[in-house]
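Step one of this worksheet: look at the structure below.
Note that these values count all heavy atoms, side chains included, but never hydrogens, waters or copies made by symmetry.
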Amino acid sequence: MTENLKLSRRSLLVRLGSGLGVLVLGGCQKLSETTWFPNILGAGEKASYRAQRLLLSRKALAQEFPETDRSPSFRSNGTSKPSDPAYLVMAENGFADYRLLVDGLVEQPMSLSLADVRGLPHRTQTTRHDCVEGWSAIGTWKGARLSALLEIVRPKPHARYVVFHCAKDGRMPYYESIDMEDAFHPQTVLAYELNGKPVPIENGAPIRLRLERQLGYKMAKYVMRIELVENFTGIYGGKGGYWEDRGYEWFAGI
Ligand SMILES: Nc1nc2c(c(=O)[nH]1)N[C@H]1C(S)=C(S)[C@@H](COP(=O)(O)O)O[C@H]1N2
Ligand SMILES: [Mo]
């Protein structure tokens, strides 16, 4: 923590020195929102992360489309059906027994049913999904705002990342993470509907993350647990995600 703070101050000074920081940031943003960089990133990635964060305003929205632009079908990629027996039992039951666990660095850990999640303030958005493998699809997603859930569980002051743990599917567990800025972004939702129907199993039932300014692999499907953490130490490969542990970029902005 002290280490990070020192780093933050140094980078702030560097930017103030360059003049650009003053111009872009203005004087009113909180230190915590502007000056830290994930300490897991390499130098090149850190530079692109910083550039993206300076260029995009905190709340800039990803493009939204009319529903008439929807792709005729929304393809499935990666896991299309988790093999975890507990998941399969839940799926047979229409996810009546599904629970979303929210824990880690929060004041109020919680376990929510699907009805609880559906009861949270929601948002509907028609957006384009871009996969690094070279395909895109437009779909309409409806989901609970992650910000609304976080306001209920109340992140502790040292919580920096939100980690999404997925239902097991045979290979190494899939997981993903985002920073607090993306967690509170208005288009960051725990989606339970795709094109007006419950999210199909192949697209992440009963709940998948939608994060509209990043690549497809950030959008964890089959979310079972949301964990707030200060860093990724001790979480699988330590890089913040299944593909990140295999060399992909963590921020993955588009
Ligand atoms: N649990 C889980 N989530 C995942 C994946 C996966 O394999 N398992 N694949 C990711 C990738 S690479 C993409 S492009 C999208 C695909 O979402 P879709 O199946 O709805 O098209 O999910 C992401 N989330
Ligand atoms: Mo992807």
Side-chain angles (χ1 to χ4, degrees), residues 52-53 55-82 91 94-95 98 100 112 114-152 162 164 166-167 174 176-224 226 241-243 248-254:
Q52 301 235 27
R53 280 289 179 246
L55 290 171
L56 292 174
S57 96
R58 251 182 89 70
K59 299 271 186 265
L61 296 182
Q63 185 178 3
E64 295 191 14
F65 299 81
E67 291 190 1
T68 47
D69 283 357
R70 276 180 196 164
S71 305
S73 73
F74 201 102
R75 79 174 254 191
S76 169
N77 203 44
T79 309
S80 57
K81 189 173 190 175
F95 298 102
Y98 169 82
L100 173 64
L112 296 91
L114 201 46
D116 294 334
V117 176
R118 286 174 168 272
L120 291 168
H122 52 82
R123 189 175 200 281
T124 301
Q125 56 209 26
T126 302
T127 51
R128 197 188 60 223
H129 177 109
D130 296 307
C131 171
V132 274
E133 288 173 26
W135 59 273
S136 299
I138 294 179
T140 304
W141 299 94
K142 179 180 179 184
R145 290 168 177 257
L146 183 59
S147 62
L149 176 58
L150 293 177
E151 275 155 21
I152 296 170
V162 182
F164 302 86
C166 307
Y174 203 94
E176 259 307 334
S177 63
I178 58 175
D179 62 21
M180 296 308 268
E181 188 164 326
D182 278 322
F184 281 94
H185 186 275
Q187 286 171 320
T188 300
V189 301
L190 299 170
Y192 45 77
E193 278 182 22
L194 168 59
N195 297 338
K197 299 197 189 85
V199 172
I201 290 185
E202 62 262 33
N203 301 110
I207 282 176
R208 74 92 51 84
L209 176 67
R210 287 304 306 178
L211 181 73
E212 308 295 355
R213 303 185 302 179
Q214 269 105 320
L215 286 166
Y217 66 85
K218 297 299 292 181
M219 292 178 241
K221 306 196 279 187
Y222 322 107
V223 177
M224 297 291 134
I226 296 178
Y242 176 86
W243 286 111
Y248 281 54
E249 201 196 337
W250 175 77
F251 184 65
I254 41 177

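L114 and F95 get closest at one heavy-atom pair: CD2-CB, 3.9 Å. Shown here for A183 and V162, the closest heavy-atom pair between the two residues is CB-CG2, 3.8 Å. Looking at every heavy atom in both residues, N77 comes nearest to C131 through ND2-SG, 3.5 Å. Nearest approach of S136 to D130, heavy atoms of both residues: OG-OD1, 2.6 Å.
The line from OG of S80 to CZ of R75 is 11.5 Å long, rounded to the nearest 0.5 Å. With values rounded to the nearest 0.5 angstrom, I207 atom CD1 is found 12.0 Å from C166 atom SG.
The aromatic rings of W135 and F74 sit perpendicular, their planes meeting at an angle over 60°, well past the 30° parallel limit.
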### Task
List the steps and the verdict of side chain to side chain contact (heavy atoms under 4.5 Å, CB included) for L112 and L149.
CA-CA 10 Å; L112 296 91; L149 176 58; 3.9 Å; yes
### Message
Checking E176 against V223 for the side chain to side chain contact (heavy atoms under 4.5 Å, CB included) test, could you report, in this order, the C-alpha distance in whole Å, the side-chain angles of both residues, the deciding distance, and whether it holds?
### Response
CA-CA 10 Å; E176 259 307 334; V223 177; over 6 Å; no
#### Entry: M224/Y98 under side chain to side chain contact (heavy atoms under 4.5 Å, CB included): CA gap, chis, key distance, verdict
CA-CA 8 Å; M224 297 291 134; Y98 169 82; 3.7 Å; yes
### Message
Could you walk me through whether H129 and M219 satisfy the side chain to side chain contact (heavy atoms under 4.5 Å, CB included) test, starting with their C-alpha distance in whole Å, then the side-chain angles of each, then the deciding distance to 0.1 Å, before giving a yes or no?
### Response
CA-CA 10 Å; H129 177 109; M219 292 178 241; 4.0 Å; yes
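Considering only heavy atoms from C-beta on, Q125 stays 4.5 Å or farther from F65 through its side chain. Considering only heavy atoms from C-beta on, E212 stays 4.5 Å or farther from V189 through its side chain. The closest side-chain heavy-atom distance from F251 to Q214 is below 4.5 Å. In this structure the side chain of I226 reaches within 4.5 angstrom of the side chain of L190, judged on heavy atoms. At a threshold of 4.5 Å between non-hydrogen side-chain atoms, the residues K218 and W250 count as touching. Residues I178 and L146 meet the side-chain proximity criterion, which asks for heavy atoms closer than 4.5 Å. When side chains are defined from C-beta on, Y222 does not count as touching Y174, because their heavy atoms never get closer than 4.5 Å. At least one side-chain heavy atom of P200 sits less than 4.5 Å from a side-chain heavy atom of L194.
Among pairs with a residue in residues 182-208, those fulfilling salt bridge (charged side-chain N to carboxylate O under 4.0 Å, His left out) read R53-D182, R118-E193, D182-R213, at least two apart in sequence or across chains.
A donor-acceptor pair shorter than 3.5 Å cannot be found between the side chains of T127 and E64. No hydrogens or angles considered: nothing links the side chains of N203 and S76 as a donor-acceptor pair under 3.5 Å.
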Distance-only check: which donor-acceptor pairs under 3.5 Å involve side-chain atoms of residues 137-145, not counting sequence neighbours?
residue: T140; atom: OG1; partner: R70; partner atom: NE; Å: 2.8
residue: T140; atom: OG1; partner: R70; partner atom: NH2; Å: 3.3
residue: T140; atom: OG1; partner: T126; partner atom: OG1; Å: 2.8

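Under the side chain to side chain donor-acceptor pair (under 3.5 Å) criterion, K221 pairs with no residue, sequence neighbours left out.
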